[in-house]
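Notes follow once the structure below has been shown.
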There are 2 protein chains.
Amino acid sequence: MAKTSPARTCPVAAFQKMISGKYKLRIVWDLKDGPRRYGEIRSGLLRGASGSAEITPRVLSRELKALTMSGLIDRKDFGEVPPKVEYRLTRKGKSFVPVVAAIREWGERNLGEATALADAAE
Amino acid sequence: MAKTSPARTCPVAAFQKMISGKYKLRIVWDLKDGPRRYGEIRSGLLRGASGSAEITPRVLSRELKALTMSGLIDRKDFGEVPPKVEYRLTRKGKSFVPVVAAIREWGERNLGEATALADAAE
DNA sequence: CAGCATCCTGCGTGATACTG
DNA sequence: CAGTATCACGCAGGATGCTG
């Protein structure tokens with residue numbers, strides 16, 4: 001047991017906590033294309049399968065704040081008059097993108113459609 | 001944006017749903033080393049930072065069932081007398097291991113300690 | 001040993017309304 | 001525009017006790 005983390009909060013547990021919430025991963029993914037404003041993120045985050053309802057500001061605000069505190073994203077507030085705030089990935093956030101990409105890739109391949117078809121003969 | 005508009009339940013959303021819960025990822029990770037019995041999984045899944053309390057059967061049972069229905073793991077029930085049940089990764093589950101590995105790797109590197117130190121000069 | 005049945009609680013998510 | 005304040009609710013997750 002030289003390098004076997006001493007019961008430290010499992011990396012996966014920390015990860016789960018960090019991306020807990022329904023939108024954090026999607027926000028990070030959205031931000032990978034560059035900085036986005038609050039409203040843009042909001043417009044891009046539609047709820048339900050129909051994709052009609054928008055996330056409530058309360059929730060988005062929380063997610064954004066959590067991501068900021070996790071150090072994944074950075075909040076940039078431009079002066080005041082007509083409020084303008086941009087969110088962008090930090091270096092850490094950028095390093096996280098490939099992980100999300102891996103998740104998406106796997107998800108697209110395994111959750112897209114043929115979900116539980118060839119799982120019987122395992 | 002030619003191919004980025006399906007609006008289909010985002011892969012990440014599906015992923016989040018699939019691994020929702022505090023133990024699913026850990027269970028999958030545990031199972032990567034081979035089949036495990038119910039009790040073994042339970043013993044390996046300790047709660048809290050102290051790692052003393054064990055997961056309650058109700059919860060473990062749910063997680064296991066969910067993972068089975070997701071097609072990530074497979075339940076093998078040996079006869080009856082003294083109940084013996086083994087859980088193992090399905091092909092799909094195995095294909096998912098690398099993703100979890102990526103998550104762990106990233107987590108160990110970014111959540112281990114130096115969490116929010118060099119996030120200012122981004 | 002490997003669960004299931006019941007009860008209880010905190011928190012994540014949403015609706016709605018208001019502000020600098 | 002970019003949030004905050006309040007209220008409400010469903011559900012994950014834990015505590016206990018029981019069973020085949």
Side-chain angles (χ1 to χ4, degrees), chain A residues 9-10 12-13 16-27 30-31 35-70 73-88, chain B residues 9-10 12-13 16-27 30-31 35-70 73-88:
Chain A
T9 26
C10 282
V12 289
Q16 295 233 55
K17 191 168 185 177
M18 192 188 70
I19 56 118
S20 68
K22 299 168 63 176
Y23 309 96
K24 294 201 185 69
L25 282 183
R26 292 172 65 183
I27 293 173
D30 262 32
L31 260 38
R36 289 223 172 188
R37 298 183 58 177
Y38 180 91
E40 294 180 309
I41 298 175
R42 191 178 181 197
S43 305
L45 257 43
L46 302 175
R47 287 186 297 118
S50 48
S52 44
E54 281 187 341
I55 181 177
T56 56
R58 163 160 165 67
V59 176
L60 179 55
S61 188
R62 266 171 63 114
E63 301 285 73
L64 252 17
K65 206 166 291 183
L67 283 172
T68 302
M69 287 207 248
S70 296
I73 67 174
D74 188 41
R75 198 189 108 115
K76 184 160 197 173
D77 193 330
F78 294 71
E80 314 302 309
V81 278
K84 177 181 177 183
V85 180
E86 270 188 2
Y87 291 91
R88 51 185 289 218
Chain B
T9 27
C10 284
V12 289
Q16 295 233 55
K17 190 168 186 178
M18 193 188 69
I19 58 119
S20 68
K22 297 168 65 177
Y23 309 98
K24 294 202 185 69
L25 281 184
R26 293 171 64 182
I27 293 173
D30 262 32
L31 259 40
R36 289 224 173 186
R37 298 184 56 179
Y38 180 91
E40 294 181 309
I41 297 175
R42 192 179 180 195
S43 305
L45 258 44
L46 301 176
R47 285 186 299 120
S50 47
S52 44
E54 281 187 340
I55 181 176
T56 55
R58 163 163 165 66
V59 176
L60 179 55
S61 188
R62 267 169 61 117
E63 301 284 73
L64 253 15
K65 206 166 291 183
L67 283 171
T68 302
M69 287 206 249
S70 295
I73 67 174
D74 188 40
R75 198 188 108 114
K76 184 160 197 172
D77 193 329
F78 293 72
E80 314 301 311
V81 278
K84 177 180 176 182
V85 180
E86 271 188 3
Y87 291 92
R88 51 185 290 217

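Throughout, a chain's letter reflects where its sequence line sits, starting with A, and its residues are numbered from 1. This is a predicted model, so every value here is computed, not measured.
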Does A:Ser61 use its side chain to pair, donor to acceptor, with the backbone of A:Arg58 at less than 3.5 Å? no
Minimum heavy-atom separation for A:Gln16 and B:Gly21, please, with both atom names. NE2-O, 3.1 Å
Identify which nucleotide among C:dC1, D:dA2, C:dG3 has an atom closest to any side-chain atom of B:Arg37, counting heavy atoms from C-beta outward. C:dC1
Euclidean distance, atom CG of residue B:Leu25 to atom C1' of D:dA12 [Å, nearest integer]: 16 Å
Check side-chain contact (heavy atoms from CB on, under 4.5 Å) between A:Pro83 and all other residues, then give those that pass, not counting sequence neighbours. none
Throw together a table of side-chain donor-acceptor distances under 3.5 angstrom for residues 39-47 of chain A, partners on residues two or more places apart or in other chains.
| residue | atom | partner | partner atom | Å |
| --- | --- | --- | --- | --- |
| A:Glu40 | OE1 | A:Arg37 | N | 2.8 |
| A:Arg42 | NE | A:Ile55 | O | 3.0 |
| A:Arg42 | NH2 | A:Ile55 | O | 3.4 |
| A:Ser43 | OG | A:Gly39 | O | 2.8 |
| A:Arg47 | NE | A:Glu54 | O | 3.4 |

What integer distance in Å separates B:Arg26:CZ from D:dG13:C1'? 14 Å
B:Arg75 has an atom CZ; how far is it from atom C1' of C:dC4, in whole Å? 12 Å
Only pairs at least two apart or in different chains count here, so list each salt bridge (Lys or Arg N to Asp or Glu O under 4.0 Å) that has a residue in residues 59-70 of chain B. B:Lys24-B:Glu63
Which part of the nucleic acid, if any, lies within contact of A:Tyr87, taking any heavy atom under 4.0 Å across all strands shown: a base, the sugar-phosphate backbone alone, or nothing? sugar-phosphate
In whole angstroms, the gap separating C1' of C:dG3 from CG of B:Leu60 amounts to 9 Å
Can you tell me if the side-chain N/O atoms of B:Ser61 get under 4.0 Å from OP1 or OP2 in C:dC4? yes
A:Lys22: partners by side-chain contact (heavy atoms from CB on, under 4.5 Å), with sequence neighbours left out: none
Give the rounded distance in Å between these two atoms: CZ of B:Arg36 and P of C:dC1. 16 Å
Between B:Lys65 and C:dG3, is there a side-chain N or O to OP1/OP2 distance below 4.0 Å? no
For atom CG of B:Leu67 and atom P of C:dG3, their distance in whole Å: 13 Å
Tell me the bend of the helix from C:dC1-D:dG20 to C:dG20-D:dC1 as the angle between end helix axes, each from five pairs, rounded to the nearest 10 degrees. 50°
If every non-hydrogen atom of B:Leu31 is compared with every non-hydrogen atom of B:Tyr87, which pair is closest and at what distance? CG-O, 3.7 Å
Figure out the CZ/P separation between B:Phe78 and C:dG3, and round it to whole Å. 12 Å
Rounded to whole angstroms, how far apart are CG on A:Asp77 and C1' on D:dC1? 11 Å
How far does CZ of A:Arg26 sit from SG of B:Cys10, to the nearest 0.5 angstrom? 4.0 Å
Sequence neighbours excluded, the answer for side chain to side chain donor-acceptor pair (under 3.5 Å) partners of B:Arg75 is B:Asp77
With the sugar-phosphate defined as primed atoms, P, OP1 and OP2, and the base as all remaining atoms, what B/S/- string results for nucleotides 6-20 of chain C, 5' to 3', for protein heavy atoms under 4.0 Å? BB----SBBB----B
